Amino acid sequence: MSPDDSTAQPLRSDAERNRGRIIAAARTVFGSDGLGASMASVARETGVGIATLFRHFPAKEDLVAAVFADRMDAYADAVDAALGDSDPWRGFTGYIEAACAMQAADYGFADVLTTTFPTAKALEKRRNEAYQAMLWLIDRAKTAGRLREDFDPADLVLMHMAVAGVVNATGEAAPDAWRRVAAYFIQSFEAPARGSLPASPEHDALYRAMLRANSTGDTAPEPSKGS
């Protein structure tokens with residue numbers, strides 16, 4: 001090993017440690033304050049300067065992707081587990097309860113499920129895989145005659161938006177309030193339908209709404225003059 005190699009290794013190790021500390025701090029900050037928390041607050045929680053944070057994560061989306069990759073995996077696994085249930089309706093409702101519980105347990109993930117991150121390719125790929133499996137889950141429940149025929153996949157996005165709002169509004173004051181909201185949704189989804197519904201939002205319109213939710217305004221600081 002050359003002298004240059006011996007000095008480079010500790011630097012790489014330090015960088016990896018800093019990256020791990022930033023991700024751990026961001027889990028805490030996003031988990032308690034949601035994705036509206038600023039990058040500056042993550043830097044303070046980590047104990048590093050904002051420039052150091054942006055060297056590791058040039059955009060907030062990069063940090064969100066690193067923090068919530070495992071949560072998105074768990075979300076996708078919940079859909080797969082629901083498909084493995086021999087009872088299509090029990091699988092469908094079990095998925096809803098599991099997904100809403102994930103939102104309630106982590107304010108940041110409550111926001112992730114209602115926000116899209118176009119540059120976070122791996123995160124969005126996993127979300128899309130879960131979505132495709134969810135379409136099958138919906139079809140099974142409809143075929144079994146338990147899910148109302150006019151149910152649209154967009155209804156799940158609306159449900160997640162509603163639950164995210166309840167979770168963020170009630171906080172620790174009423175931490176289980178989301179359960180009642182989820183139960184209301186489940187009962188409204190069940191066949192036979194008790195009445196007609198207004199038209200579902202266009203999927204493109206919901207996508208634009210999820211993009212709007214990603215407008216954080218956090219950008220890397222301008223380099224100082226002479227640097």
Side-chain angles (χ1 to χ4, degrees), residues 34-36 68 71-116 124 126-214:
L35 296 189
F68 293 104
R71 304 289 199 278
M72 191 61 79
D73 283 341
Y75 174 74
D77 289 344
V79 182
D80 290 339
L83 285 171
D85 195 313
S86 60
D87 182 319
W89 180 245
R90 185 175 61 202
F92 179 77
T93 59
Y95 151 74
I96 289 177
E97 290 165 353
C100 291
M102 290 178 193
Q103 288 187 279
D106 188 320
Y107 293 177
F109 193 63
D111 291 339
V112 166
L113 286 185
T114 59
T115 309
T116 192
E124 291 302 318
R126 197 69 172 117
R127 188 205 301 271
N128 188 58
E129 290 170 354
Y131 177 77
Q132 295 303 318
M134 194 171 16
L135 295 180
W136 190 12
L137 191 67
I138 291 168
D139 186 63
R140 288 176 73 226
K142 283 188 177 181
T143 301
R146 298 299 306 278
L147 180 62
R148 57 189 298 160
E149 280 300 318
D150 59 354
F151 181 88
D152 187 278
D155 293 330
L156 287 177
V157 179
L158 296 176
M159 178 196 73
H160 285 311
M161 287 178 171
V163 170
V166 169
V167 165
N168 282 292
T170 57
E172 295 181 358
D176 291 327
W178 68 270
R179 297 184 185 277
R180 187 174 179 87
V181 176
Y184 270 127
F185 273 104
I186 288 171
Q187 290 180 31
S188 70
F189 293 158
E190 189 172 10
R194 292 162 180 78
S196 60
L197 293 171
S200 172
E202 293 293 332
H203 290 199
D204 285 349
L206 271 185
Y207 179 76
R208 289 195 299 273
M210 293 172 73
L211 278 175
R212 285 180 62 195
N214 187 23

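Since we're looking at a predicted model, the values are computed, not measured.
- Contact detail for Glu124 and Thr116: the closest heavy-atom pair is OE1-OG1, 3.2 Å.
- For Ala98, the side chain to side chain contact (heavy atoms under 4.5 Å, CB included) criterion is met by Ala78, not counting sequence neighbours.
- When side chains are defined from C-beta on, Glu190 does not count as touching Thr93, because their heavy atoms never get closer than 4.5 Å.
- Counting only residues at least two apart or in different chains, ring pair (Phe, Tyr, Trp, His ring centres under 6.0 Å) contacts with residues 162-187 comprise Phe185-Phe189.
- Scanning both residues, Leu137 and Ala82, for their nearest heavy atoms gives CD1-CB, 3.7 Å.
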Solution key, residues 157-176 side-chain donor-acceptor pairs under 3.5 Å, sequence neighbours excluded:
| from | atom 1 | to | atom 2 | distance (Å) |
| --- | --- | --- | --- | --- |
| His160 | ND1 | Gln103 | OE1 | 2.9 |
| His160 | NE2 | Tyr95 | OH | 3.4 |
| Asn168 | ND2 | Ala164 | O | 2.8 |
| Thr170 | OG1 | Val166 | O | 2.7 |
| Thr170 | OG1 | Ala174 | O | 3.4 |

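- Remark: Thr114 OG1 to Phe109 CZ distance equals 10.0 Å, nearest 0.5 Å.
- The shortest distance between side-chain heavy atoms of Asp150 and Ser196 does not fall below 4.5 Å.
- In this structure, Asp155 contributes its side chain and Asp152 its backbone to a donor-acceptor pair below 3.5 Å.
- Scanning all heavy atoms of the two residues, the minimum distance from Met134 to Val79 falls at N-CG1, 3.7 Å.
- The minimum heavy-atom distance linking Gly36 with Asp111 is given by the pair N-OD2, 4.4 Å.
- Residues passing the ring pair (Phe, Tyr, Trp, His ring centres under 6.0 Å) test with Trp89 are Phe92, sequence neighbours excluded.
- In this structure, the separation between CG on Asp77 and CG on Asp73 is 6.5 Å, given to the nearest 0.5 Å.
- For Arg71, the side chain to side chain donor-acceptor pair (under 3.5 Å) partners at least two apart in sequence or on another chain are Asp106.
- Here Glu129 pairs with Lys125, Arg126 under the side chain to side chain donor-acceptor pair (under 3.5 Å) rule; sequence neighbours left out.
- Nearest heavy atoms, Met210 versus Arg127: CE-NH1, 3.9 Å.
- Once rounded to the nearest 0.5 Å, the distance linking CG of Leu113 with CZ of Phe68 reads 9.5 Å.
- A distance of 12.5 Å separates CZ of Arg140 from CZ of Arg146, quoted to the nearest 0.5 Å.
- A distance-only check finds a donor-acceptor pair linking the side chain of Lys142 to the backbone of Glu149 [under 3.5 Å].
- Listed here is the closest heavy atom pair of Ala191 and Gly145: CB-O, 3.5 Å.
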